Participant: 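Questions regarding the structure given below will be posed in turn.
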Amino acid sequence: MKHKLIELFRELSETIDYLKGFEPGFDIPKVEGHGDFATNAAMMLAKKTGKNPRLIAEEIKNAIKTPSDFIEKVEIAGPGFLNFFINPLYFSKIIVEIKDKNEKFGYFDFNKGKRANVEFVSANPTGPLTVGHGRNAVCGDTIANILERTGFEVDREYYFNNAGRQMRTLGNSVKLRYLQLLGNEIEFPDDHYQGEYIKDIAQKLIDRYGNSLVDDNSTVFKDTAEESIFEEIKATLLRLGITHSIFFNENTLYEDGSIEDCLNKFEALGLSFKSEGAVWLKLSEMGKEKDKVIVKSTGEPTYRLPDIAYHIKKLERKYDLVIDIFGADHIDTYPDVIASVSALGLEGEKIKVLIHQFVTILQNGEVVKMSTRKANFITLDELIDWVGSDVVRYFFNMRSIQTHMNFDLDLAKKQSDENPVFYLQYAHARICSILRLAEEQSIKAGYTNLHLLNAPEELKLLKKLHQYRDIIHRAATTLDAVVICTYLEELAGLFHRFYTVCRIIGSGKELEEARTALVIAVKFVLKDGLTLLGLTAPERM
RNA sequence: GUCCCGAUAGCUCAACGGAUAGAGCAUCAGCCUUCUAAGCUGAGGGUUAAAGGUUCGAAUCCUUUUCGGGACGCCA
C-alpha cells in the first residue's frame with residue numbers, strides 16, 4: 001500500500017517541481033486520529049526549498065484528488081505532517097487477495113532462482129545441546145524459513161569437528177568411565193567431561209562388548225560417543241522441528257586438500273609468513289589490527305585456517321548468500337575470515353554473520369554458569385520437556401537477536417500456560433471453533449458484501465492484515481524475526497477484541513458471510529505466521 | 001588497557017529519526033443463560049542508566065561517564 005502512495009507522489013512531481021526526485025517515507029501513525037499513513041515529506045522538503053513546511057503540505061494536499069477509491073481525505077497536522085485516510089472499502093480487498101493467493105500470500109519471489117546457506121547450531125558432539133544452543137538453533141532455523149519466503153532455495157548446514165582435542169578428551173572420558181564401571185579404581189580428571197551421559201555411553205559399550213575393550217586403544221570410545229551424542233542432538237533438534245540438510249565435517253577439508261590449497265594460495269599471494277616456527281596470516285595487510293597464527297609451530301593448523309577454507313568451500317558451492325549464526329564469543333573472529341576470503345579473490349561480501357548475544361539462565365534466583373565439560377548445564381531437552389517446543393521457539397524468536405536475554409527457568413515453568421504463545425494459538429483455535437460451527441449451520445464465506453465490515457474492530461483487523469507482507473519483507477531485510485512476533489501478537493489482540501464485540505453466527509446472512517470471510521483471512525495469516533516461526537497452529541485448545 | 005554488544009514500567013521485552021514511549025507477566029477493580037474466560041474492559045505503574053551535543057523533532061544519531069555481557073591465545 002505504501003508503494004501506491006509513493007506512486008502518487010511521483011505523479012504529483014509532474015506538477016510540483018520540488019517533488020522531483022524526492023522519495024517520501026510513510027509510516028503508520030500510532031494515534032488513530034492521525035490517519036492510516038503519515039509522511040513527514042513537507043518537513044523534509046522545507047530544508048531544501050526554504051519554504052514553510054505547512055505551506056508545502058498545503059500545496060501537496062491541494063494537488064491530491066479526494067475523495068477517491070483509494071484516498072478518502074488528507075489532513076495536515078502538527079509541524080507539517082500529511083495524514084492520509086484510506087477509503088475503508090480499499091482495505092477489505094485484502095480478504096479476497098488472501099483467498100486468491102492462498103499459500104502464495106506470504107511469499108515473495110525477489111530472490112527466486114538464488115541459493116542461500118544458513119549454518120547454525122554447529123556444536124561439536126561432546127555433550128547434549130544446552131539452552132544456550134537453543135537460541136542459536138531457533139534463530140538459524142527461523143532465518144532459513146524467512147529466506148525461503150523471499151524465494152531463496154535454502155540449505156541448512158551443521159559444521160562440526162570430530163578430530164580435535166575436545167573430541168579426544170571425550171573419547172578418553174568414556175574410556176575412563178568404562179574402566180571404572182568395570183571395577184577399576186581410577187581417578188577421573190577434572191578437565192574431562194563430567195556428565196552422566198558419559199557413563200551411559202560407557203555402559204552401552206559394556207553391554208555391547210563386555211570387558212573386551214580394556215586394552216583397546218582404537219577410537220572406539222570416541223566414535224561411539226560421537227555417534228551416540230550426535231543421535232541425541234539430532235533428536236533434540238527434531239523436537240523443535242529442525243533438520244539440517246548438510247552435515248559438514250571439518251575433517252573433509254584436510255582429506256580433500258582444501259587446507260593445503262588455502263595455505264598455498266596465501267603463500268603465493270604473499271599473505272602469509274613464517275615466524276618463530278609458525279605460519280602467520282598477514283591480516284594487518286587486509287585492514288585488520290594484527291597478524292594471527294594459522295599454523296602452529298607444531299605443524300597443526302589453528303581453528304582459523306579450516307574456518308577460512310570452509311567458507312571458501314561454501315562460496316565455491318555457488319551460494320548467493322552465506323549466513324553464519326554465531327554466539328557473541330565469535331564476534332571478533334569472523335571479520336578475519338571474511339577479510340581472508342576476500343583477499344583470496346572470493347566474494348566475501350556474500351557472507352553475513354549474525355551474532356546472537358548470550359542467554360543468561362536464572363534458576364532459583366541465581367545465574368547458572370553453563371559448561372559442557374563441567375556438566376553444569378540445563379539441556380535443551382529439559383527445557384522442551386518443561387515448556388514445550390512451541391514455547392521454546394517463540395521465546396527465542398520474540399527477542400531481537402542482538403539483545404542479551406535473561407531466561408528465568410522458574411518463571412518459564414510457572415507461566416507456561418500464560419505465555420504470549422498461547423494468546424496467538426488461542427486466537428487460531430477460536431477461529432477454527434467458529435468455522436466448525438458455521439459449517440454445521442451451512443454458513444459459508446461470502447465475498448460480495450465486504451463493505452458491511454465497517455465496525456471499528458473489523459476495520460482495524462483489515463488494516464492489520466494489510467501489513468503482513470510488509471512485515472515479512474522487513475524480517476527478511478533485517479534478518480530478525482521479532483517483528484513477526486510483535487505483529488502476530490497485535491493481530492491476535494485485534495481478533496480477540498473483534499470476537500468479543502462482533503458476533504458472527506446469528507448476525508444475519510450477509511454479515512455472517514462477510515465476517516466468516518474475514519475470520520478465514522485472519523486464520524490464514526495467523527497460521528502462516530506461526531508456521532514461519534516454526535510453531536504449530538492448533539485447531540482446538 | 002583496547003575493541004564489540006547491551007541498558008526502556010516491579011519482571012521479560014517492543015517501538016522505519018516523528019505526534020500522547022507500547023505489549024505480556026505481576027498487582028488491583030469489573031465482565032461468562034449467547035461462536036472456547038488460555039478471552040475482554042478499566043486502573044495504577046516511566047526523568048527511556050547519567051550528562052552534554054546534532055535538529056523543526058531524539059529511546060533512536062554523535063561524544064563522555066557509569067553498570068552488565070562478550071572478545072582480545074600457537075584454545076574452538
Side-chain angles (χ1 to χ4, degrees), chain A residues 2 25-31 33-34 38-40 42-44 46-47 52-53 77-81 83 122 124 161 164-166 250 275-280 289-290 292-304 306-307 327-333 335 355-358 360 395 398-408 411-412 414-415 417-427 429-438 440-441 443 470 474 477-478 482-483 485-486 489-490 492-493 495-507 512 515-516 519 540-541:
Chain A
K2 281 182 195 175
F26 293 92
D27 55 25
I28 298 167
K30 286 177 224 160
V31 184
H34 294 160
T39 181
N40 58 359
M43 275 108 81
M44 301 295 280
K47 265 177 222 164
N52 182 319
F81 287 106
N83 294 334
S122 295
N124 278 342
N161 168 24
R165 204 196 59 203
Q166 274 185 11
E250 184 185 314
S275 174
E276 300 164 48
V279 181
W280 295 67
E289 289 259 315
K290 46 185 172 181
K292 302 266 173 73
V293 171
I294 47 175
V295 181
K296 305 181 209 170
S297 49
T298 59
E300 215 181 345
T302 66
Y303 69 92
R304 224 165 262 120
D307 265 9
D329 51 344
H330 284 71
I331 202 154
D332 275 349
T333 68
I355 300 289
H356 65 84
Q357 294 299 319
F358 283 130
T360 305
F395 201 95
M398 70 190 285
R399 266 101 178 153
S400 192
I401 195 165
Q402 78 269 14
T403 72
H404 302 273
M405 65 186 273
N406 289 326
F407 202 137
D408 188 325
L411 211 64
K414 213 186 303 169
Q415 294 179 352
D417 47 328
E418 289 173 59
N419 202 286
V421 182
F422 295 92
Y423 189 75
L424 306 184
Q425 295 183 323
Y426 186 54
R430 264 184 156 176
I431 295 174
C432 291
S433 171
I434 296 169
L435 293 176
R436 278 192 299 270
L437 275 167
E440 276 172 29
Q441 303 188 20
I443 298 167
D470 276 350
R474 205 178 343 152
T477 330
T478 58
V482 225
V483 283
C485 295
T486 321
E489 284 175 38
E490 286 164 0
F495 168 75
H496 286 307
R497 262 156 261 155
F498 158 82
Y499 177 90
T500 40
V501 177
C502 305
R503 281 192 68 79
I504 295 172
I505 295 164
S507 59
E512 269 179 351
R515 284 180 172 166
T516 303
V519 297
R540 290 171 205 273
M541 284 175 77

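Just so you know, these numbers come straight off a predicted model, no measurement behind them. By convention in this document, chain letters (A, B, ...) are assigned in the order of the sequence lines, proteins followed by strands, and residues within each chain are numbered from 1.
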Participant: For a 4.5 angstrom cut-off between non-hydrogen side-chain atoms, does Tyr303(A) reach Asn161(A)?
Facilitator: no

Participant: Give Ser433(A) one of three labels, base, sugar-phosphate or nothing, depending on what nucleic acid heavy atoms sit under 4.0 Å from its own.
Facilitator: base

Participant: Per the atom types in the model, does the base of C74(B) pair as donor or acceptor with the side chain of Thr298(A) at under 3.5 Å?
Facilitator: no

Participant: Is there a donor-acceptor pair closer than 3.5 Å between any side-chain N or O of His496(A) and the backbone N or O of Tyr423(A)?
Facilitator: yes

Participant: Heavy atoms under 4.0 Å, any strand shown: does Ala46(A) hit a base, just sugar-phosphate, or nothing?
Facilitator: nothing

Participant: With respect to the side chain of Pro79(A), which nucleotide from C40(B), A37(B), G18(B) is positioned closest?
Facilitator: G18(B)

Participant: To the side chain of Thr403(A), which of A14(B), A37(B), G69(B) is closest?
Facilitator: A14(B)

Participant: Base, sugar-phosphate, or nothing for Tyr426(A), non-hydrogen atoms under 4.0 angstrom?
Facilitator: base

Participant: Which is true for Asn406(A) with a 4.0 Å heavy-atom rule: it touches a base, it touches only sugar-phosphate, or it touches nothing?
Facilitator: sugar-phosphate

Participant: What interatomic distance, in whole Å, is found between P of U20(B) and the corresponding atom of G57(B)?
Facilitator: 14 Å

Participant: Whole-Å distance between U41(B) C1' and Phe498(A) CZ?
Facilitator: 18 Å

Participant: Expressed as a whole number of Å, how far does the C1' atom of A51(B) sit from that of C25(B)?
Facilitator: 34 Å

Participant: Just the rounded figure in Å: distance from P of U34(B) to CD of Glu512(A).
Facilitator: 18 Å

Participant: Assess whether one donor atom and one acceptor atom, taken from the side chain of Asp329(A) and the base of G70(B), lie less than 3.5 Å apart.
Facilitator: no

Participant: Taking Watson-Crick and G-U wobble pairs with both distances under 3.5 Å, convert RNA chain B into its dot-bracket string, 5' to 3', dots for unpaired and | for cross-strand pairs.
Facilitator: (((((((..((((....[...)))).(((((.......))))).....(((((..]....))))))))))))....

Participant: For A19(B), take OP1 and OP2 only and decide whether either is under 4.0 Å from a side-chain N or O of Lys30(A).
Facilitator: yes

Participant: Remember a base hit wins even if backbone is also touched, and classify Phe407(A) as base, sugar-phosphate or nothing at under 4.0 Å, heavy atoms.
Facilitator: nothing

Participant: Expressed in whole Å, how much space separates the C1' atoms belonging to C4(B) and A50(B)?
Facilitator: 22 Å

Participant: At under 4.0 Å between heavy atoms, what does Leu437(A) touch on the DNA or RNA strands: base, sugar-phosphate, or nothing?
Facilitator: sugar-phosphate

Participant: Does the structure place the NZ or CZ of Arg430(A) under 6.0 Å from the centre of the six-membered ring of Phe495(A), at an angle of no more than 45° from the ring's axis?
Facilitator: no

Participant: Tell me, do Pro53(A) and Pro79(A) make a side-chain contact under 4.5 Å, heavy atoms counted?
Facilitator: no

Participant: Check whether any side-chain heavy atom of Phe395(A) lies under 4.5 Å from a side-chain heavy atom of Val421(A), and answer yes or no.
Facilitator: no

Participant: May I have the distance from Arg304(A) (atom CZ) to C75(B) (atom C1'), rounded to whole angstrom?
Facilitator: 10 Å

Participant: Does the Ser433(A) side chain pair with the main chain of Ala429(A), one donor and one acceptor, at a distance under 3.5 Å?
Facilitator: no

Participant: Scan Asn52(A) against the nucleic acid and name what it touches under 4.0 Å (heavy atoms): base, sugar-phosphate only, or nothing.
Facilitator: nothing

Participant: If the P atom of U47(B) is compared with that of G10(B), how far apart are they to the nearest Å?
Facilitator: 8 Å

Participant: Report the residue (Met398(A) or Arg436(A)) whose heavy-atom-nearest nucleotide on RNA chain B is the more 5′ of the two.
Facilitator: Met398(A)

Participant: So Glu489(A) and Leu424(A), do their side chains get closer than 4.5 Å, heavy atoms only?
Facilitator: yes

Participant: With rounding to the closest Å, how many angstrom separate the C1' atoms on A15(B) and A9(B)?
Facilitator: 14 Å

Participant: From A14(B), A19(B), A76(B), pick the nucleotide closest to the side chain of His330(A)?
Facilitator: A76(B)

Participant: Base, sugar-phosphate or nothing for Ala278(A)? Non-hydrogen atoms, less than 4.0 Å.
Facilitator: base

Participant: Looking across every strand, which nucleic acid part, if any, lies under 4.0 Å from Cys502(A) by heavy atom: base, sugar-phosphate, or nothing?
Facilitator: base

Participant: Is any side-chain heavy atom of Tyr499(A) less than 4.5 Å from a side-chain heavy atom of Val519(A)?
Facilitator: no

Participant: Would you mind reading off the distance between Asn419(A) atom CG and A26(B) atom P, rounded to a whole angstrom?
Facilitator: 11 Å

Participant: Out of G6(B), C35(B), C13(B), which has the shortest distance to the side chain of Gln402(A)?
Facilitator: G6(B)

Participant: Sticking with atom P, work out how far A14(B) lies from A23(B), rounded to a whole angstrom.
Facilitator: 16 Å

Participant: Closer than 3.5 angstrom, by distance alone: can the side chain of Thr39(A) be matched with the main-chain N or O of Gly25(A) as a donor-acceptor pair?
Facilitator: yes

Participant: According to a strict under-4.0 Å criterion, is Arg430(A) in side-chain N/O contact with OP1 or OP2 of G39(B)?
Facilitator: no

Participant: Looking only at side-chain N and O atoms, does Lys290(A) come under 4.0 Å of OP1 or OP2 in G73(B)?
Facilitator: yes

Participant: If you take atom types as modelled and just measure distance, does the side chain of Asp27(A) reach the base of A19(B) with a donor-acceptor pair under 3.5 Å?
Facilitator: no

Participant: From the list G69(B), G18(B), C40(B), which nucleotide is the closest neighbour of the side chain of Gln357(A)?
Facilitator: G69(B)

Participant: When rounded to the nearest Å, what value does the distance between P atoms of U36(B) and G24(B) take?
Facilitator: 23 Å

Participant: In this structure, are over 12 heavy atoms from other groups packed under 6.0 Å from Arg165(A) atom CZ?
Facilitator: no

Participant: Please measure how far the C1' atom in C62(B) lies from the corresponding atom in A26(B), and state the result in whole Å.
Facilitator: 38 Å

Participant: Could one point to a donor on the side chain of Tyr303(A) or the base of A76(B) with an acceptor on the other under 3.5 Å away?
Facilitator: yes

Participant: Let me know, please, whether Glu300(A) or Cys432(A) comes out on the 5' side of the other along RNA chain B by nearest nucleotide.
Facilitator: Cys432(A)

Participant: With a 4.0 Å cut-off on heavy atoms, is Ser400(A) in touch with a base, just the backbone sugar-phosphate, or nothing at all?
Facilitator: sugar-phosphate

Participant: Please determine, for the side chain of Met43(A), which listed nucleotide (G18(B), G70(B), C13(B)) has the closest atom?
Facilitator: G18(B)

Participant: Is there ring stacking between Tyr423(A) and G24(B), where the centres must be under 5.5 angstrom apart and the planes under 30 degrees?
Facilitator: no

Participant: Please work out if Arg503(A) contacts a base, only the sugar-phosphate, or nothing of the nucleic acid, heavy-atom cut-off 4.0 Å.
Facilitator: base

Participant: Is any side-chain N or O of Asp332(A) under 3.5 Å from a base N or O of C72(B), one able to act as donor and the other as acceptor?
Facilitator: no

Participant: To the nearest angstrom, how far is Glu440(A) atom CD from U36(B) atom P?
Facilitator: 10 Å

Participant: Is the shortest heavy-atom distance from the side chain of Gln402(A) to the side chain of Ile355(A) under 4.5 Å?
Facilitator: no

Participant: With a non-hydrogen cut-off below 4.0 angstrom, is Glu276(A) in contact with a base, only sugar-phosphate, or nothing?
Facilitator: base

Participant: Regarding Ala38(A), tell me which of base, sugar-phosphate or nothing describes its non-hydrogen contacts under 4.0 Å with the strands shown.
Facilitator: base

Participant: To the nearest angstrom, how far is Ile331(A) atom CD1 from U2(B) atom C1'?
Facilitator: 15 Å

Participant: Under a 90° cut-off about 0 for the syn range, is C13(B) syn or anti?
Facilitator: anti

Participant: Can you check the Met44(A) CE to G17(B) C1' distance for me, whole Å?
Facilitator: 9 Å

Participant: Could you tell me the separation between the CZ atom of Arg497(A) and the P atom of G39(B), rounded to a whole number of Å?
Facilitator: 12 Å

Participant: Does the G68(B) base have a donor-acceptor partner in the side chain of His404(A) within less than 3.5 Å?
Facilitator: yes

